[in-house]
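For the numbers below, each heavy atom of this structure counts, side chains included, while hydrogens, waters and symmetry mates do not.
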Amino acid sequence: MPTLPPKQLAMVNDQESIRNLPEVSLPLGYVLRGYRIGDETSWAETLQACGFENWNEVEVRAYLEDAERRVGSRVVEHNDQVVAATFASRKSENAFDTVTPAGVGSSQQEGVLDFVVTHPDHRGKRLARATSTGVAKFFVGLGCLSVSLLTDDWRLPAIHVYLSLGFKPVMHRSDMPDRWANVFNNLKEAGLDHS
């Protein structure tokens with residue numbers, strides 16, 4: 001059997017689980033809100049600080065040209081700066097090699113948490129949990145049956161947050177069971193057990 005090239009891990013959460021997510025309380029001085037004109041520069045700076053080096057304010061503005069993404073995306077503001085953010089996108093028809101669980105596969109039925117970031121100076125304050133919950137609830141409010149995301153094996157703190165929000169691994173390729181077993185072992189070793 002040929003070796004499969006690495007692909008991102010996929011996770012999915014269903015409508016009922018998302019509806020039951022509690023609102024996230026943020027520390028004093030942090031505000032969860034939707035996108036506003038003028039957020040592009042600090043949003044791009046936060047993306048860059050998280051390793052997405054090709055983003056700049058022009059790229060953020062262009063990505064937000066999609067009306068639904070612009071309305072559904074969530075940011076956390078602190079001292080007039082975007083310090084955490086999640087874009088609200090729709091599922092790409094080519095996001096997974098096979099259809100996701102429960103027959104979900106239509107871009108009309110599934111929302112996507114896209115580019116979930118928290119500036120390194122503001123981590124540990126539940127900001128990604130807040131933006132992710134806000135975007136997921138936005139999509140459920142539109143009638144989406146599920147919300148998905150893509151992530152990398154090494155993003156253990158992010159995967160821990162997603163699992164705690166009810167997201168489940170999608171075994172869309174033959175290499176996924178072993179990769180997910182490795183992720184769960186690494187989480188356990190880091191004190192973030194999800195078994």
Side-chain angles (χ1 to χ4, degrees), residues 1-22 24 47 50-54 69 72-74 84-118 120 123-124 126-140 142-195:
M1 177 181 232
T3 303
L4 295 169
K7 283 222 175 198
Q8 287 187 295
L9 301 173
M11 302 182 79
V12 68
N13 201 348
D14 65 79
Q15 187 181 65
E16 183 178 340
S17 176
I18 292 167
R19 277 194 184 114
N20 292 322
L21 287 174
V24 179
L47 281 158
C50 294
F52 299 105
E53 298 164 356
N54 294 327
R69 183 180 289 136
S73 296
R74 296 291 179 264
T86 301
F87 288 113
S89 296
R90 285 295 181 146
K91 182 178 179 225
S92 163
E93 295 303 322
N94 298 318
F96 308 130
D97 294 334
T98 61
V99 176
T100 53
V104 175
S106 164
S107 61
Q108 295 305 311
Q109 297 173 320
E110 185 167 284
V112 176
L113 302 184
D114 203 7
F115 292 98
V116 179
V117 292
T118 300
R123 290 187 178 152
R126 301 170 52 94
L127 308 184
R129 178 179 300 276
T131 59
S132 296
T133 298
V135 170
K137 287 188 176 236
F138 165 77
F139 279 123
V140 166
L142 293 180
C144 289
L145 301 178
S146 64
V147 176
S148 66
L149 62 90
L150 296 174
T151 191
D152 298 299
D153 305 53
W154 53 270
R155 293 187 186 275
L156 295 179
I159 292 170
H160 168 66
V161 170
Y162 304 143
L163 289 166
S164 69
L165 290 173
F167 283 83
K168 308 252 185 298
V170 176
M171 302 299 177
H172 60 291
R173 288 168 33 122
S174 61
D175 62 335
M176 289 299 156
D178 287 341
R179 288 174 63 190
W180 275 107
N182 211 20
V183 166
F184 280 108
N185 284 335
N186 290 337
L187 284 167
K188 190 173 187 175
E189 288 176 9
L192 306 171
D193 192 7
H194 286 275
S195 54

For A84 and T118, the nearest pair of non-hydrogen atoms, with its separation, is CB-OG1, 3.8 Å
Heavy atoms from other residues, nucleotides or ligands near CG of N54 exceed 12 (cutoff 6.0 Å): no
Using the test side-chain contact (heavy atoms from CB on, under 4.5 Å), find all partners of R129 that sit at least two apart in sequence or belong to another chain. V24, R126, T133, V161, S164, L165
Heavy-atom pair of closest approach, residues L113 and A136: CD2-N, 4.0 Å
Nearest 0.5 Å, what's the OG-CZ distance between S89 and F115? 8.0 Å
Pairs satisfying salt bridge (charged side-chain N to carboxylate O under 4.0 Å, His left out), at least one member in residues 156-169, at least two apart: none
Sorted by chain and number, sequence neighbours left out, side-chain contact (heavy atoms from CB on, under 4.5 Å) with A88 holds for S73, V135, F138, F139
Does the side chain of V116 come within less than 4.5 Å of L149's, by heavy atoms? no
What's the separation between atom OG in S148 and atom CZ in R90, rounded to the nearest 0.5 Å? 10.5 Å
Could you tell me which residues satisfy side chain to side chain donor-acceptor pair (under 3.5 Å) with S132, sequence neighbours excluded, listed by chain and number? none
Measure the spacing between OG1 of T131 and CZ of F87 and express it to the nearest 0.5 Å. 11.0 Å
Under the ring pair (Phe, Tyr, Trp, His ring centres under 6.0 Å) test, which residues partner F167, sequence neighbours left out? none
Can you name the residues that form a side chain to side chain donor-acceptor pair (under 3.5 Å) with R123, not counting sequence neighbours? none
For K7 versus R179, what's the shortest heavy-atom pair and its separation? O-NH2, 2.5 Å
Tightest non-hydrogen contact, residues R74 and G134, listed as CG-C, 3.9 Å
Measure the CG-CD distance between N20 and Q15 for me, rounded to the nearest 0.5 Å. 11.0 Å
Looking only at heavy atoms, which two atoms of P177 and M171 are closest? And how far apart? N-SD, 3.8 Å
Under the side-chain hydrogen bond (donor to acceptor under 3.5 Å, both in side chains) definition, can you give me all pairs with a residue in residues 181-192, not counting sequence neighbours? none
Sorted by chain and residue number, the salt bridge (Lys or Arg N to Asp or Glu O under 4.0 Å) partners of R155 (sequence neighbours excluded) come out as D152
L192 and L163: side-chain contact (heavy atoms from CB on, under 4.5 Å), yes or no, with the steps? CA-CA 10 Å; L192 306 171; L163 289 166; over 6 Å; no
L9 and V183: CA distance, side-chain angles, deciding distance, side-chain contact (heavy atoms from CB on, under 4.5 Å) verdict: CA-CA 10 Å; L9 301 173; V183 166; 3.9 Å; yes
Tell me, please, which residues at least two apart from D14 pass side chain to side chain donor-acceptor pair (under 3.5 Å). none
Closest heavy-atom contact between R19 and K137? O-NZ, 3.6 Å
By the ring pair (Phe, Tyr, Trp, His ring centres under 6.0 Å) test, which pairs, at least two apart or in different chains, include something from residues 175-195? H160-H194, W180-F184
For S17, which residues count as a side chain to side chain donor-acceptor pair (under 3.5 Å) partner, sequence neighbours excluded? N13
With no hydrogens and no angle check, is any side-chain donor or acceptor of E110 less than 3.5 Å from a backbone partner on C144? no
Salt bridge (Lys or Arg N to Asp or Glu O under 4.0 Å) partners of D193, counting only residues at least two apart: none
